[in-house]
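Input: a single structure, listed below in structure tokens.
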There are 2 protein chains.
Amino acid sequence: MNISVSIYDKLKSYGFKLTRGRKLIINFFIDRNQPVSAMEIMDFLHKRKINLHKTTIYRQLEFLLELNIIRQLQFADRKKMYEIRTSDHHHHLVCKNCQKTEKVASAALETEIQTMEKDILAGSDFKNIRHSLEFFGLCRQCQ
Amino acid sequence: MNISVSIYDKLKSYGFKLTRGRKLIINFFIDRNQPVSAMEIMDFLHKRKINLHKTTIYRQLEFLLELNIIRQLQFADRKKMYEIRTSDHHHHLVCKNCQKTEKVASAALETEIQTMEKDILAGSDFKNIRHSLEFFGLCRQCQ
DNA sequence: TTGACAAATGCAACTATGTTGCATTATTAT
DNA sequence: ATAATAATGCAACATAGTTGCATTTGTCAA
Ligand SMILES: [Mn+2]
Ligand SMILES: [Mn+2]
Ligand SMILES: [Zn+2]
Ligand SMILES: [Zn+2]
């Protein structure tokens, strides 16, 4: 079962349209399988001679977020990153210099984080606890 | 031993000047003991009839970062937050709606994170690994 | 195949946050 | 008090993202 087709079906079932730009953006997310910025999406489309306006890019991002197809990440930068939402829970290792990114994951760490989230629920007035954990460093090229 | 005086001494020892604005900003960081934005610093100074230009605020932040007196944090927002650098390693619980912030800490979690950082050093080309871990939720008022 | 209708887009103008170059002012040591 | 230089103010600029509104496009049903 093709992941992009299953996303298309989801959109159609809600009555949303499958435009050329939307399909390209969805497939870009699937192919990259890594966090990308709005600007990177624009550049990718531009190379394929598809000139979507930046407003449209941001509206697509908002739309895909709303439908839980992508997720938003905030690294040390001011700009937001987005990646396709998959079932595997993972975090990132980001180069402080060039933003090259790798996935990282640890079952032991997730267990500890879940414990922490339970403690927070019990010990504070906050509800709906989520977390963001990212690692930063210098990649080989940037050392 | 007064913490603000020890910071003043450090600055003087490097030959930097103790201006009215700089002292107020340092003391604001010490008093608040929580992450604040550039804009919050401006507002604080404005209330005390000290109108430092925004350029000056940003240059002070850069300066205090350079000297490791404050640290920079990035939550889910586009804007950066800054807090006084203390010896206690901690993370934050931030309200997604109003940005109200509490400190959180867990020795067990830090141990697990350190293990992860060692694994990353061993298993990737990255060096100088750091981490950012923040929790998000909805505070009492915003639920 | 063609309308009709809603969804999606383009555009201009705008906002928020932060940065740069350069002339002027304030702090410090002597 | 003076000289040296750190710090500031200002205008202009940069980047990332947002909003209102007119126009275009995709879809479904006739
Ligand atoms: Mn996690
Ligand atoms: Mn930590
Ligand atoms: Zn790099
Ligand atoms: Zn709140």
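Residue numbers begin at 1 in each chain, while the letters A, B, ... track the order of the sequences.
Atom-to-atom, NZ of A/Lys54 to C1' of C/dA12 comes out at 10 Å; the value is rounded to the nearest Å. Between A/Gln74 atom CD and D/dT15 atom P there is a gap of 18 Å when expressed in whole angstrom units. Atom-to-atom, CG of B/Asn51 to P of D/dA7 comes out at 20 Å; the value is rounded to the nearest Å. As rounded to whole Å, 11 Å separates atom P of D/dT27 from atom CG of A/Leu11. Atom CD1 of B/Ile50 is separated from atom P of D/dA7 by 17 Å (rounded to the nearest Å). Atom CG of B/Asp77 is separated from atom P of D/dA16 by 16 Å (rounded to the nearest Å).
Contact between the side-chain N/O atoms of B/Tyr58 and the OP1/OP2 oxygens of C/dT19 is not found at any separation under 4.0 Å.
The hydrophobic clustering, which links ILVMFWY residues whose side-chain heavy atoms are closer than 4.5 Å, places A/Leu67 and A/Leu73 apart.
Heavy-atom distances under 4.0 Å link DNA chain C to A/Arg22 of residues 21-45 of chain A, given in residue order. Within residues 62-70 of chain B, no residue approaches DNA chain C, by heavy-atom distance under 4.0 Å.
The side chain of B/Thr19 sits closest to C/dT27 out of C/dG10, C/dA7, C/dT27. Distance from the side chain of B/Gln60 is smallest to D/dT8 among D/dA16, C/dT17, D/dT8. Set against C/dC11, C/dA6, D/dG17, the side chain of A/Thr55 has C/dC11 as its closest nucleotide. Here the nucleotide nearest the side chain of A/Lys17, chosen from D/dC10, D/dT18, D/dG26, is D/dG26. Proximity note for A/Lys79 (side chain, C-beta onward) versus D/dG26, C/dC22, D/dG17: the nearest is D/dG17.
With hydrogens and angles ignored, no donor-acceptor pair under 3.5 angstrom links the side chain of B/Arg78 to the base of C/dT17. Under 3.5 Å, the side chain of B/Arg59 and the base of C/dG18 form no donor-acceptor pair of N or O atoms.
Side chain of A/Ser124 to main chain of A/Ile120: a donor-acceptor pair is present (N/O by atom type, distance under 3.5 Å, no hydrogens or angles).
Exactly one residue among A/Lys103, A/Gln34, A/His92 makes a side-chain hydrogen bond (donor to acceptor under 3.5 Å, both in side chains) with A/Glu83. That residue is A/His92.
With A/Phe63 as the aromatic partner, A/Arg22 meets the cation-pi criteria of under 6.0 angstrom to the ring centre and within 45 degrees of the ring axis.
Between A/Phe44 and A/Phe28, the angle of the ring planes stays under 30°, which puts this pair in the parallel group of the 30/60° scheme. Relative orientation of the A/Phe136 and A/Phe75 rings is perpendicular, given thresholds of 30° and 60° on the angle between their planes.
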